[in-house]
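Structure record follows, encoded as structure tokens.
The structure presented is a predicted model; accordingly, all values stated were derived computationally and were not measured. Per chain, numbering begins at 1; letters A, B, ... match sequence-line order. Below, all heavy atoms of this structure are taken into account, side chains as well, without hydrogens, waters or symmetry copies.
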Amino acid sequence: MAGAPGAGGGPKDAGWGPLALPLMLPTWAVIGIFLALPVLLMAVYSFLTREFRGGVEWQFSLAAYDQFFVTRGLFGDEPPSLEWTYILIFWRSLWQAALATGLCLLIGFPTAWFIATRSPRSRTVWLFLVTIPYWVNLLIRTVSLKFLIRDNGPLNEFLMGIGLTSGPLPLVNTNLAVQLGLFYSYLPFMVLPIYAAVERYNFALSEAAADLYAGRWRILWEITLPVVRPGIVAGCLLVFIPSLGAFLAPDLLGGAKNFMIGSLIDEQFKGSQGNWPFGAAVSVILMTLVMLALLIYARAQGRGRA
Amino acid sequence: MRGVRHYPGFLALTLVCLTVLYAPLLVVTAYSFNGSTSITQWGGFSWRWYADVFTGPESARFGLAARNSLTIAVLAATAATLIATAASLAMVRGGRFRGRTASFALINLPLMVPEIVTAVASLIFFTMVGLRTGYGTILIAHITFCIPFAYLPISARLEGIEPFFEEAARDLYASRFRAFTQVLLPLMAPGVISGWLLAFIISLDDFIITNFVKGAGMETLPTAIFGSVKQGIKPNIMAISTLMLAASAAVVTLSWLINRRGQRSP
Amino acid sequence: MAAAIEIIEVVKRFGATTALESLTLSIADNEFFTLLGPSGCGKTTVLRMIAGFEPVSAGEIRLFGQNIAALPPDRRPVNTVFQHYALFPHMSVIDNVAFGLKMKGVDLAARRARAGKMLEMVHLSAFAERLPAQLSGGQQQRVALARALAPEPRVLLLDEPLSALDLKLRQAMRIELKQLQQDTGITFIFVTHDQEEALTMSDRIAVMSAGRLQQVGTARDIYETPLNRFVADFIGETNLLPVDVEAISQDASRVRLPGGGALTVPGTATPGRHTLSIRPERLVPDPAGPLKARLERVVYLGTDLHLMTRLQDGSGLVVRMQNSARSALPAAGEVLSIAIEEGAARLLAD
């Protein structure tokens, strides 16, 4: 259009400019006071002294981080060495989240691809089918999954009924159950961004590669995947981050053996056994990891665009 | 060669995906109609557990929890939608104002902070400022984390509305305010409704944050159900689950239909 | 009679870029005035400033003598037909047309009656209760027109209103628009990049380029006597020949053509290198002509033929001939003598 305003790109000011700040004010106030500030206070809290009966004393202390990283033996009289208990819980959580993300990718990518290559009409129906479960209460979904896979539940009865297994498969309280739960919780987060990327993908690229003698799977590996990579990375991040701090799936499906970060934090705020500064410290460490993941992602995205 | 879009096995994996997603829900729905007291044995079709939900020994507890959940969800969704609508107007229509980038980060902050961390931070904050945990603190926490969910569909809708509709209204003698109420707001409506519904469901769905800030004696539906399933899955829980499932499906379908109608008229 | 719109030394800057450099224009009442230029020339910006969507950076815009710079769009008795119509998608056709009257506080019965009359005028009475999305592009265009005319503006602004229509419809709408302007007696300010549209409808045309006004005049003025190279080149087809001005009399100049011939043309200029514009249809092969050119190719255009020739100095020259069986076609490679019709050559200012 001739002489259009804002030709330099970026957001258009359609006369709302002077109102922008007052309109932003409620958001600033609510999220600022009730989330940003609490997160900062939580960081402060992690450096306070634990008060028994739950709560804190306002006295600076590194006890929480000391507890996390350092051990001095059972009676506290040995030379300090690295405490592995919590690091292992983090490691297990990272590992579980990574496996769940892999599982989501393995199933989610073909699903997203399949949906994106349907006709526009049936596409919306398929997409709708995939997203509905996400809208169902997460707790209910997790409980349902537990009901299905428990030792004498319908899945085992079915498997024994068709003679595939002789006894019930012990699924509940295993790592597999937790991964299944996480997969089940966050699968739509994987499908949707990949779907968006594949839908925008120009299939003439694949045709050009086919014309140049590339086979089906080579095309997928060498042409398609690199092009839709941003969607895949976004999907992985959207599954990985909530999986890392998940509480319901590990708690209901994993049992005590498969303790993850979420349960560890939860425990610190329960009753008089709790340790608030320690819980805050674990939260700070978790958040640092997540922010790190987001930072790496933002960097990678920025590079991809340049 | 069936074209470059086709990959063998992708349909099968899609079906696996759908089976995994739906099997637990279908099984629980089926068993909610089980006439037997045992959750393992099929005792014929029956409505007895639905009757139990409304009249049984736990009906008062769940009834109260459901009322809390619903009122909190309605209030939180409404507040979050109002805040998110204002924020969308500033972000999409406000040009480059000072603090725009920071505002964008702030809106999305609830999505970036892991839920359990939000829960911990909220509990610490409320304790520190001396707010008694209960209905009010749940509501505040829900409004906060619902804002980005309401913001997504509203801002997306607003971005799709060309500024020339408002200009046309101003050109035809509408004041700034009337151009907003008569033209922009009706055009934004599908996005605003979607945003409200999304926020409503997200609020209903929340367990972790609520569990941290609810205080003693206060229950929402998810915390009540969680407390109950800790002792094992009982048939009445399956009936409640099925009811909530049906409610969610209804809300999503509604939102989907509204969005589709909205898309037809730009 | 007072001018409908006076634009006085108006400047428009967007940040560091200047979209419009000191524009002064006067548009008479009842005039069909067109702003013509390529995209990015600033013509839409002029329109948006008159409508009140963009503030002026400097200068004054007067509407029937009153400075309107401080008035918001809803206080200016000026209406716009938008490029993409901007029909409110959530309102029926009649509600769209009645919107301006509603905002002005006209009561329901009166505004419905007036809107109905406007729809009758654009032959859309049968579609009053439909939504804009249920109309074709041409029908939406008419609704936009009816909506903008319903509040009886003193000036109607039209921002490339025909650009989204197909060719047949566009041609029909040109005639209708012109008729409508004559019937209503409202001043039309029409923005387009399509020279044919401008030439067929306008009383006067302002040619713009790169934020500057190049020339204002009737269609004939602009086509026959372009002031500069841009106008000559932008409007229609032309041959631009490098010439040397050798002698100047009172109101004419003697120029040396490429290849040696000499010609007297109207207008004066400083001695030296200049550009001469000659329309292809004003050139004829003629043994006595002053230009000698080698024929390279004949391009067949149906009603016309284009003779693509090259002068001795290497510059190209296009000659347009009517397609007729009477004249024998020269063969490629032949050297032709070409004559210039009396008064057809125009010495350009730059």
Side-chain angles (χ1 to χ4, degrees), chain A residues 10-14 16-17 20-21 23-24 26-28 30-32 34-36 38-39 41-42 45 107 110-111 113-114 117 128-129 132-133 135-141 143-145 147-148 152 154 184 203 206-207 210 216 219 241 245 247-248 262 265 269 279-280 283 286-287 290 294, chain B residues 4-5 7 10-11 13-14 16-18 20-21 23-25 27-28 40 83 86-87 89-90 93-97 103 106-107 109-110 112-118 120-125 128 140 143-144 147 163 166 201 205 207-208 212 222 225-226 229 233 241 244-245 248-249 252 256:
Chain A
K12 272 196 199 136
D13 176 349
W16 288 84
L21 288 178
L23 285 169
M24 267 330 284
T27 309
W28 277 88
V30 172
I31 299 183
F34 297 114
L35 186 58
V39 167
L41 286 178
M42 177 187 79
Y45 229 73
I107 304 280
T111 303
W113 180 281
F114 178 80
T117 52
F128 188 55
L129 278 177
I132 281 193
W135 295 98
V136 176
N137 194 297
L138 180 61
L139 173 63
I140 285 176
R141 278 187 289 155
V143 169
S144 302
L145 188 63
F147 178 76
L148 179 68
N152 49 0
Y184 185 38
F203 279 95
S206 292
E207 281 164 356
R216 202 182 286 287
I219 297 173
I241 287 180
F247 171 74
L248 284 175
I265 294 174
F269 294 90
S283 301
L286 170 62
M287 197 155 113
V290 168
L294 285 172
Chain B
V4 290
R5 286 151 204 262
Y7 279 85
F10 277 21
L11 169 63
L13 282 171
T14 306
V16 167
C17 173
L18 289 177
V20 173
L21 287 178
L25 301 177
V27 165
V28 163
T40 36
I83 294 168
L89 288 168
R93 286 288 201 261
R96 289 166 202 271
F97 59 91
S103 300
L106 201 70
I107 293 169
L109 191 64
M112 291 190 289
V113 179
E115 265 188 278
I116 186 95
V117 176
T118 305
V120 168
S122 303
L123 175 63
I124 288 174
F125 173 75
M128 223 180 228
I140 290 173
I143 291 171
T144 309
I147 290 173
E166 287 157 88
I201 289 211
D205 189 58
F207 166 73
I208 303 174
F212 266 74
I225 293 172
F226 185 79
V229 294
I233 305 169
S241 299
M244 286 182 74
L245 206 153
S248 305
V252 182
W256 190 62

Exercise for review: Working to the nearest 0.5 Å, report the span between CD1 of B:Ile225 and CD1 of A:Ile140.
Suggested key: 4.5 Å
Study note, to complete from the structure: CE of B:Met244 to CD1 of B:Ile201, rounded to nearest 0.5 Å, is 9.5 Å
Review point. Can you tell which of B:Val113, B:Ile143, B:Leu109, B:Thr118 has the highest number of heavy-atom pairs within less than 4.5 Å of chain A?
Key: B:Leu109
Check your understanding: What class does the angle between the rings of B:Tyr7 and A:Trp113 fall in, given that below 30° is parallel, 30 to 60° is tilted and above 60° is perpendicular?
Key -> perpendicular
Check your understanding: So which part of A:Thr27 gets closer than 4.5 Å to some heavy atom of chain B, the side chain, the backbone, both or neither?
Key -> both
Study note, to complete from the structure: Pair count under 4.5 Å, heavy atoms only, with chain B: among A:Pro133, A:Ser206, A:Ala280, A:Gly279, highest is A:Pro133
Check your understanding: What part of B:Pro24 gets closer than 4.5 Å to chain A, counting heavy atoms only: side chain, backbone, both or neither?
Key -> both
Practice item. With a 4.5 Å cut-off on heavy-atom pairs, point out which of B:Val27, B:Ile107, B:Val252 contacts chain A the most. Key: B:Val252
Revision key, fill the gap. Under 4.5 Å to a heavy atom of chain B? For A:Leu138 that would be both
Review point. Do side-chain atoms of A:Tyr45 reach the backbone of B:Phe125 as a donor and acceptor pair under 3.5 angstrom?
Key: no
Check your understanding: Donor-acceptor pair, B:Arg5 side chain versus A:Phe203 backbone, under 3.5 Å?
Key -> no
Review point. If you measure from CG on A:Leu23 to OG on B:Ser103, what distance do you get to the nearest 0.5 Å?
Key: 11.0 Å
Check your understanding: Most heavy-atom pairs under 4.5 angstrom with chain A, which of B:Ile116, B:Val120, B:Leu21?
Key -> B:Leu21
Revision key, fill the gap. Interface check, chain A: of B:Leu89, B:Val16, B:Val229, B:Ile208, most non-hydrogen pairs under 4.5 Å belong to B:Leu89
Study note, to complete from the structure: Note: vs chain B, highest number of non-hydrogen pairs under 4.5 angstrom among A:Val143, A:Asn137, A:Val136, A:Leu139 is A:Asn137
Point to revise | Rounded distance [0.5 Å steps], CG in A:Leu286 versus CD1 in A:Ile265 | key: 5.0 Å
Revision key, fill the gap. So, the part of B:Met112 with a heavy atom under 4.5 Å from chain A: the answer is both
Exercise for review: Kindly determine whether A:Leu248 and B:Phe226 satisfy side chain to side chain contact (heavy atoms under 4.5 Å, CB included), including the steps that lead there.
Suggested key: CA-CA 9 Å; A:Leu248 284 175; B:Phe226 185 79; 3.8 Å; yes
Point to revise | Interchain contact, B:Ile83 with chain A, by part (heavy-atom threshold 4.5 Å) | key: both
Check your understanding: Out of B:Pro222, B:Ala121, B:Ser122, which one racks up the most heavy-atom pairs below 4.5 Å with chain A?
Key -> B:Ala121
Practice item. With a 4.5 Å cut-off on heavy-atom pairs, point out which of A:Val30, A:Leu145, A:Val39, A:Leu21 contacts chain B the most. Key: A:Val30
Review point. At a heavy-atom separation under 4.5 Å, does B:Ile147 approach chain A through its side chain, its backbone, both, or neither?
Key: side chain
Exercise for review: Could you tell me which portion of B:Leu18 (side chain, backbone, both or neither) has an atom closer than 4.5 angstrom to a non-hydrogen atom of chain A?
Suggested key: side chain
**Study point:** Point-to-point distance, once rounded to the nearest 0.5 Å, from CE of A:Met287 to CE of A:Met42
**Key:** 5.5 Å
Review point. At their closest point, which heavy atom of B:Phe97 faces which heavy atom of A:Met24, and how far apart are they?
Key: CZ-CG, 3.7 Å
